[in-house]
Amino acid sequence: MPAYHSNLNESEFRSLGNMAMLPIRTKFRGPAPSLADPNSEDIVEEALNLFRANSFFRNFEIKGNADRVLIYLILYISDCLGKLTNQPSKLEANKILQTSALSHFALPGEPSFPLNAMYHAPADRGEQGKFFFH
């Protein structure tokens, strides 16, 4: 059985490095495009839905730039779950994840990023800033 791929691979979106800048469901302005259909699934919801199934696969054939975003989000979800292995209370878990979200995490092109062979580094600091707001 093959791994599940992003449904957003067929759509045309602007790329940063070789990752697609995909729409997300939010009320805040930012560089990501807005969802065309408010009832459709965004990349974060798709990553959460496919996390369990895709985390069992050893190999993942990348079929588009949206798949690279999906892989990155699956790694991030896995990192978040790893920080909660001590089964903290809901309040403690919220604090742990808030702190983690505000701390620096590796971007493609940085030496500590685990999958640099599959991702292109951003062309410049401006492009890198569009990946995440720090």
Listed partners of Asn65 passing side chain to side chain donor-acceptor pair (under 3.5 Å), at least two apart: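 If we apply the side chain to side chain donor-acceptor pair (under 3.5 Å) test to Asn65, skipping adjacent residues, the hits are Ser15, Arg68.
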[atom1]/[X] to [atom2]/[Y] distance, rounded to the nearest 0.5 angstrom?
X	Y	atom1	atom2	answer
Leu70	Met19	CG	CE	10.0 Å
Glu46	Asn54	CD	CG	9.5 Å
Leu8	Leu22	CG	CG	5.5 Å
His120	Asn18	NE2	CG	4.5 Å
Leu73	Ser78	CG	OG	12.5 Å

Distance-only check: which donor-acceptor pairs under 3.5 Å involve side-chain atoms of residues 32-44, not counting sequence neighbours?
| unit_1 | atom_1 | unit_2 | atom_2 | d |
| --- | --- | --- | --- | --- |
| Asp37 | OD1 | Asn39 | N | 3.1 |
| Ser40 | OG | Asp37 | O | 2.7 |
| Glu41 | OE2 | Asn49 | ND2 | 2.5 |
| Asp42 | OD1 | Val44 | N | 3.4 |
| Asp42 | OD1 | Glu45 | N | 2.9 |
| Asp42 | OD2 | Arg25 | N | 2.8 |

Can you list, pair by pair, the side-chain donor-acceptor contacts under 3.5 Å of residues 90-102, counting residues two or more places apart and other chains?
| unit_1 | atom_1 | unit_2 | atom_2 | d |
| --- | --- | --- | --- | --- |
| Glu92 | OE1 | Ser89 | N | 3.2 |
| Thr99 | OG1 | Lys95 | O | 2.9 |

Write down the atom of [X], the atom of [Y], and the distance for their closest heavy-atom approach.
X	Y	value
Phe13	Ala20	CB-CB, 4.3 Å
Glu110	Asn116	O-ND2, 2.7 Å
Glu61	Asp67	O-OD2, 3.9 Å

Would you please name every residue forming a ring-ring contact (aromatic ring centres under 6.0 Å, His included) with Tyr119, sequence neighbours left out? Phe113
By ring-ring contact (aromatic ring centres under 6.0 Å, His included), Phe60 pairs with (sequence neighbours left out) His5
Give a yes or no on whether Leu84 and Leu75 share a hydrophobic cluster (residues Ile, Leu, Val, Met, Phe, Trp, Tyr; joining criterion: side-chain heavy atoms under 4.5 Å apart).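 No: no chain of side-chain contacts under 4.5 Å links Leu84 to Leu75.
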Listed partners of Ile77 passing side chain to side chain contact (heavy atoms under 4.5 Å, CB included), at least two apart: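 For Ile77, the residues satisfying side chain to side chain contact (heavy atoms under 4.5 Å, CB included) (neighbours in sequence not counted) are Ala47, Leu48, Phe51, Leu81.
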